[in-house]
Amino acid sequence: MFEPNTKVVILTGAGISAESGIKTFRASDGVWENHRIEDVATPLAWMKNPKMVWEFYQGRRKQLLEVDFNVAHRALVELEKYLEDHFLLITQNVDDLHSRAGSERLIHMHGELRKLRCEKCENIVIAMEKSHLTDKFVSCEKCSSNRLRPHIVWFHEMPFKMNEIYDAVERCEVFMAIGTSGHVYPAAGLLAIAKDVGAHCIGINLEPPENVDLFDEFHQGLAGELVPELISKWIKK
Ligand code: OAD
Ligand code: ZN
């Protein structure tokens with residue numbers, strides 16, 4: 001089904017990392033690792049209670065050291081090797097499992113847990129050493145700020161690289177959404193754009209997502225089973 005020059009855009013969400021042991025966001029009534037999302041993932045929460053938000057994200061950051069990518073992440077690397085520059089992976093996930101699996105043409109639209117950012121000078125650092133993972137705030141080495149924030153897109157903030165994302169989606173021939181519930185915009189709106197430009201739209205998810213009717217094909221089940229199986233079928237010469 002895929003020729004080596006087919007332009008493919010993939011959007012992934014929490015479901016692709018679920019089998020690696022990372023909890024999805026909407027798994028249990030909007031409560032995420034014992035917190036309501038709005039208590040920890042908004043700029044207001046950071047302003048009012050930075051210690052709580054910091055400790056919450058330190059927990060998520062430390063978890064990265066305990067988990068590993070799975071066969072679905074790996075299958076996307078195989079697809080990228082086949083399509084090279086015709087491939088783009090957009091992830092809503094803030095874990096680093098796609099890049100650890102080997103994905104290179106990758107956009108983290110909602111930020112990355114392994115990075116911290118200075119609110120004063122916008123310095124962005126990869127901070128995964130032991131000294132960066134305690135309950136104490138990490139200070140900026142470039143300016144006087146004594147508190148870096150998680151490099152995460154919170155609710156009410158603009159996702160990263162939206163121009164690049166829209167450009168790729170508007171030009172794609174196949175759009176695939178994997179492991180995402182279709183609740184959070186603008187990510188959830190990319191499917192409608194792909195559909196509008198005539199791309200063949202494929203969904204893979206454990207449950208039918210919000211926007212399931214827009215897919216040309218929907219495959220219901222585990223990403224770890226379906227993604228490797230479908231991709232090896234599609235790139236078979
Ligand atoms: P959700 O938690 O909303 O949805 C995850 C989807 O994955 C659900 O529809 C599940 O049915 C499905 N799922 C679970 N396990 C699966 C598996 N093993 N294989 C396939 N599918 C599976 O997560 P997202 O859609 O990624 O934003 O959430 C979008 C954004 O909302 C997140 O990026 C996050 C959150 O607020 C930020 O942190 C900025
Ligand atoms: Zn700074």
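Both ligands and their constituent atoms are indexed starting at 1 by order of listing.
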**Request:** Determine, considering heavy atoms only, which of Asn205, Ile204, Thr24, Leu206 sits nearest to atom 8 (C) of ligand 1.
**Result:**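 It is Asn205 whose heavy atom sits nearest to atom 8 (C) of ligand 1.
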**Shortest reach to atom 1 (P) of ligand 1 by a heavy atom, considering only Ala188, Ala223, Ser181, Pro208** = Ser181
Side chain or backbone, does [X] bring an N or O within less than 3.5 Å of an N or O on ligand 1?
X: Asn93; answer: no
X: Gly182; answer: no
X: Glu19; answer: yes

Show which atoms of ligand 1 fall inside a sub-4.0 Å distance from at least one heavy-atom site of [X].
X: Phe155; result: 36 (O)
X: Ala14; result: 23 (O), 24 (P), 26 (O)
X: Gly179; result: 5 (C), 6 (C), 7 (O), 21 (N)

Given that the side chain starts at C-beta and the backbone is N, CA, C, O, which of these parts of [X] lies under 4.0 Å from ligand 1, counting heavy atoms, or is it both or neither?
X: His110; result: side chain
X: Trp154; result: neither
X: Ala18; result: side chain

**Message:** Does the residue Val94 have a heavy-atom contact with ligand 1, meaning some pair of atoms that are separated by less than 4.0 Å?
**Reply:**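 No; Val94 lies far enough from ligand 1 that no heavy-atom distance drops under 4.0 Å.
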**Message:** Hydrophobic clusters here meaning ILVMFWY residues chained together by side-chain heavy-atom distances under 4.5 Å, can you tell me if Ile204 and Leu206 are in one?
**Reply:** no
**Message:** Using the rule that Ile, Leu, Val, Met, Phe, Trp and Tyr join whenever any side-chain heavy atoms are under 4.5 Å apart, tell me whether Leu89 and Val227 fall into a single cluster.
**Reply:** yes
**Separation between CZ of Arg105 and CD of Glu80, rounded to the nearest 0.5 Å** =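 Nearest 0.5 Å value for the CZ-CD distance: 5.0 Å.
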**Message:** Quick check for you: to the nearest 0.5 Å, what is the distance between Leu190 atom CG and Glu170 atom CD?
**Reply:**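 The CG atom of Leu190 sits 10.0 Å away from the CD atom of Glu170.
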**Asked** Is the closest basic N to carboxylate O distance between Lys51 and Glu55 below 4.0 Å?
**Response**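 Looking at Glu55 together with Lys51, the answer is yes, because their closest N to O distance falls below 4.0 Å.
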**Message:** Strictly below 4.0 Å, N to O, side chains only: are Asp216 and Lys195 in salt-bridge contact?
**Reply:**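 Lys195 and Asp216: salt-bridged.
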**Request:** Mark yes when over 12 heavy atoms from residues, nucleotides or ligands other than Glu129 sit less than 6.0 Å from its CD; otherwise mark no.
**Result:** no
**Prompt:** Would you call the rings of His98 and His73 parallel, tilted or perpendicular, where under 30° means parallel and over 60° means perpendicular?
**Reply:**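 His98 and His73: perpendicular rings.
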